[in-house]
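A short write-up of the structure that comes next.
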Amino acid sequence: MFVVDSVSSEDNQYCVDFFKRDDGTFGFEEYRRDIEDYNQWFKIGCFDTLLFTTKKDAVEAAVKYVIWLKGQLE
């Protein structure tokens, strides 16, 4: 699995990574920065098990699930 794109919130406190799995499917996950250690990211979503055939499909689903993301992609 490897990250194909990453989108951060305007305040850089959150991000969504879009990734491609070895089997060719795509997915996404949401993370937040640790307020005590600004260099560490922690998974806060449970989206990484969702499967999509294209990155576009993963992005469309992420916009539905991750409220702040829609504003970042417009």
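Because only heavy atoms are used, hydrogens play no part in the values below, and waters and symmetry mates are left out as well, while side chains stay in.
Inspection of the W68 and E30 side chains reveals an N or O donor paired with an N or O acceptor under 3.5 Å.
Nearest approach of R33 to N12, heavy atoms of both residues: NE-O, 2.8 Å. Of all non-hydrogen atoms in V7 and F18, the two that sit nearest each other are CG2-CE1, 4.1 Å. The heavy-atom pair separating L69 from V63 by the smallest distance is CD2-N, 4.0 Å. The heavy-atom pair separating L51 from R21 by the smallest distance is CD2-NH1, 3.1 Å.
Atom NZ of K43 is separated from atom CZ of R32 by 13.5 Å, given to the nearest 0.5 angstrom. Here the straight-line distance linking atom CZ of F19 with atom CE of M1 works out to 5.0 Å at 0.5 Å rounding. To the nearest 0.5 Å, atoms CG (D57) and CG (L50) are separated by 12.0 Å. To the nearest 0.5 Å, atom OH of residue Y31 and atom CH2 of residue W41 are 10.5 Å apart.
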**Stepwise side chain to side chain contact (heavy atoms under 4.5 Å, CB included) test for V16 and E29** = CA-CA 5 Å; V16 171; E29 187 55 78; over 6 Å; no

**Request:** May I have the step-by-step check of side chain to side chain contact (heavy atoms under 4.5 Å, CB included) for T25 and K20, ending in yes or no?
**Result:** CA-CA 6 Å; T25 61; K20 187 173 185 180; over 6 Å; no

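Under the 4.5 Å side-chain contact rule for hydrophobic residues, V59 and F2 share a cluster. Grouping the Ile, Leu, Val, Met, Phe, Trp and Tyr side chains by contacts below 4.5 angstrom, directly or via other members, places V3 apart from F47.
Within the 4.5 Å cutoff, no side-chain heavy atoms of F28 are placed close to those of D17.
Other residues, nucleotides and ligands place more than 12 heavy atoms under 6.0 Å from the CZ atom of F26.
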